[in-house]
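Structure first, then comments.
Counting convention: from 1, in listed order, for ligands and their atoms alike. Side chains included, hydrogens not; waters and symmetry mates left out as well; all remaining heavy atoms used. If you read the sequence from its start, that first residue is 1, and numbering goes on from there.
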Amino acid sequence: MPPEAMRAMLIEEPDGPLVDAEIPTPAPKPGEVLVQVGGCAVDRFDVAIRRGVRERATSLPHILGHEIAGTVASIGSDVAGLNVGDRVASTLYLVCGECRWCLRGRETICENFGGHVGVNIPGGYAEYLVVPARNLVPIPDDLGLPEASILANAIGTPYHAIIVRMGIRPGDRLVITGAGGGVGLHAIQIGVMAGADVMAVDLGQTKLEHARALGASAAVDPTETDLAAAIDDWTGGVGADGVLELVGPATMPTTLAGLAKGGKMVIVGSHTGKDWTIDPGDVYRNEWEIRGSRNVSADELLTVVDLVDRGLIDPIIDQTGGLEEAERFQQRVVDGTVIGRDVLVPVKS
Ligand SMILES: [Zn+2]
């Protein structure tokens, strides 16, 4: 049986400090599972929620943390296929499981979208959390829980974007902006795994060196090198077959113009603003495709688990530490010094 009380890092006021506290261990309701947290990654989204620039937590005090893996500790009623002791990774979104999109395996665009784990329900900066059973997928015994915690976001997000939404093919030339971040470094691996030639775009030579080490054949800092000319040179004037956009309007006009005829841009993130001007004539004359992509489905996450288990994608973790490291890990995100992900390990397994 799980203990009656657990340790958690609480936000008690908007933009307030992370408070190391002991609180009652939650109990799973029907359809839910209590997970002992063996890994919870820290990323930019956590910092944004804490600062209140994104959706507010539904109530205070709140527990952050949405990239989670752990061990099933107890199970609510109406849950099939899971047992106490199972090792699991969790998807991020709260979805209905019943709408037309959920029924087609596209639950990331659920009609009754309920928000995020760690935003709209308490997250993984704690020894235990309760999540809907439909969010959980099993992971193999030899995959570490810290590594498993980053599968659904840092790896699942670019998997869905590049493989499912873009449909990358062997030999394609793929430009990835924000390539040095946690999602970007795994996006490079997925592009290379799929047989694409990858150009990494990001700020700073340290990030670009990591990008090259992971197989990017070109790496460009657009503050030092003209990005449009670099794409033109790299593609022999043809243009890129695909662009994965993790940055937004700061790079989008250049990367869109850098597409080959018939090229595809997939937009996963935009932290550099909202406004962007497109000439529709450029889009139709070139038959460009501009698509959105949002995280990963539970079904696709199973494939991601398999790819990592087979060694085809390497989860990149920088530092791990106990809950007391949450503040420092968030600061490292703000400072941009993390390579891959830092992961909290609330309970060691
Ligand atoms: Zn739904």
Worksheet item: Where the side chain of E13 meets the backbone of G16, is there a donor-acceptor pair that is under 3.5 Å apart?
Response: no

Fill in: Ring-face cation of R7 near Y128 (centre distance under 6.0 Å, axis angle within 45°)
no

Item to complete: Give a yes or no on whether R44 atom CZ has more than 12 heavy-atom contacts from other residues, nucleotides or ligands under 6.0 Å away.
Response: no

Worksheet item: Which protein N, O or S atoms does the Zn ion (ligand 1) have within a distance shorter than 2.8 Å?
Response: C96 SG, C99 SG, C102 SG, C110 SG

Fill in: R328 with D342: basic N within carboxylate O range, under 4.0 Å
no

Practice prompt. Report yes or no: does D226 contribute a side-chain atom to a donor-acceptor pair with the main-chain N or O of A229 at less than 3.5 Å?
Written response: yes

Item to complete: Without swapping roles, check the side chain of K207 against the backbone of D202 for a donor-acceptor pair under 3.5 Å.
Response: no

